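One is the number of the first residue; the rest follow in order along the sequence. These numbers were taken from a predicted model, which means no experiment stands behind them.
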Amino acid sequence: MSMLTPPGMGGKKYRITGDRYPRMRRPRHRRRITLLITAAVCALALAGWGTLQLIDVFGGKGGTAQAAQDEEKCPPGGAKQAGAASSGTGKPLPRPADVTVNVLNATARAGLAKTTADELKKRGFKVGKVGNAPPAYDKKVKGTGVLLGAQTASDGARKVLGTQLAAAESKTDTRKTGDVDLIIGDTFKALAEPAAAQKSLTALTAPSKTGPNCKK
């Protein structure tokens, strides 16, 4: 009796045919368990990350990046400098064409008021009186000059005119009109270079871009 003959089959012989043989495989349920565990871990990680984001937003931290961007937009000096485009009275600064300048010579050099007035006219300013300074200032201005005007009406005009003679001293009087006196002093040589004056004027009158978190 052959070893391949199953018990109880008598003396009959059986032959195994075909080319398929049983193979040992891992149970499929283990692979499914592994995939389920991996998916669960990923889901928990995403849920935790989302929770942290919500905490940051409602806790006020979500605006940190935006605040940093807003502060980058602040000009040097913060919000105080951002108001440079106003006259200090809440009104926008005037254009040179809207500023009337009286050019007065307080020095002993003849013709200085005329040449200065002509140059201001070329730069777009409106020229009013041209002549000698009044006794209160004649031969008494030691610096480059004095910008004299009303405290409120000419505040913006004096700022705009100051870009043409940066070292000039700004003063006020009791006049009610908006014109400004440019009183030329002893150390005056010339107005600021046109390019430098225009750069200062642009920086002064251009609207500034500031964010809501710009620090004062």
Side-chain angles (χ1 to χ4, degrees), residues 73-210 214 216:
K73 298 178 181 179
C74 294
K80 184 177 181 180
Q81 182 66 23
S86 68
S87 64
T89 60
K91 297 180 180 180
L93 290 173
R95 301 173 303 169
D98 298 327
V99 178
T100 299
V101 185
N102 304 313
V103 185
L104 308 175
N105 186 6
T107 74
R109 291 174 285 171
L112 199 55
K114 178 66 167 58
T115 56
T116 304
D118 290 343
E119 182 61 28
L120 286 173
K121 188 178 295 185
K122 291 179 182 178
R123 300 185 184 190
F125 289 86
K126 187 183 299 183
V127 175
K129 299 177 182 178
V130 178
N132 295 325
Y137 290 95
D138 191 29
K139 310 298 188 300
K140 297 178 183 179
V141 180
K142 303 302 180 182
T144 58
V146 173
L147 305 181
L148 183 64
Q151 185 171 1
T152 55
S154 68
D155 184 62
R158 280 183 285 119
K159 288 183 178 181
V160 172
L161 182 58
T163 62
Q164 310 302 309
L165 188 62
E169 182 181 1
S170 183
K171 291 185 176 183
T172 61
D173 58 13
T174 58
R175 75 182 71 185
K176 302 300 181 180
T177 56
D179 59 324
V180 180
D181 295 345
L182 170 55
I183 305 175
I184 301 173
D186 293 338
T187 61
F188 176 86
K189 293 182 179 179
L191 295 174
E193 289 295 326
Q198 183 59 44
K199 184 177 180 181
S200 299
L201 182 62
T202 301
L204 180 66
T205 58
S208 58
K209 298 178 180 180
T210 58
C214 182
K216 297 184 178 179

Using a strict cut-off of less than 4.0 Å between a Lys/Arg side-chain nitrogen and an Asp/Glu carboxylate oxygen, indicate whether D118 and K114 qualify as a salt bridge.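 Yes, D118 and K114 are salt-bridged.
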Any donor-acceptor pair under 3.5 Å linking the side-chain atoms of N102 with those of D179?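 There is such a pair between these side chains.
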Would you give the length of the straight line joining atom [atom1] of [X] to atom [atom2] of [Y], rounded to the nearest 0.5 angstrom?
X: Q198; Y: R123; atom1: CD; atom2: CZ; value: 9.5 Å
X: L112; Y: I184; atom1: CG; atom2: CD1; value: 4.0 Å
X: Q151; Y: K176; atom1: CD; atom2: NZ; value: 10.0 Å
X: L104; Y: L182; atom1: CG; atom2: CG; value: 8.0 Å
X: E169; Y: T144; atom1: CD; atom2: OG1; value: 9.0 Å
X: Y137; Y: L148; atom1: OH; atom2: CG; value: 4.5 Å

Could you check whether atom NZ of K126 has more than 12 heavy atoms from other residues, nucleotides or ligands sitting under 6.0 Å from it?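 12 or below, so no.
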Restricting to non-hydrogen atoms, name the atom on [X] and the atom on [Y] that form the minimum distance, rounded to 0.1 Å.
X: A106; Y: D186; value: O-OD1, 4.4 Å
X: T107; Y: G185; value: CG2-O, 3.1 Å
X: V160; Y: P94; value: CG2-O, 3.4 Å
X: A150; Y: R158; value: O-NH2, 3.3 Å
X: N105; Y: A113; value: CB-CB, 3.9 Å
X: A157; Y: V99; value: CB-CG1, 3.9 Å

Side chains of T116 and F188: does their closest heavy-atom pair fall under 4.5 Å?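 In short, these two side chains touch, coming nearer than 4.5 Å.
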Given side chains that start at C-beta, do those of R109 and T115 come closer than 4.5 Å, heavy atoms only?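 SC-SC contact between R109 and T115 ruled out.
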F125 and side-chain contact (heavy atoms from CB on, under 4.5 Å): which single residue from V103, V101, D98, V180 fits?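 That would be V101.
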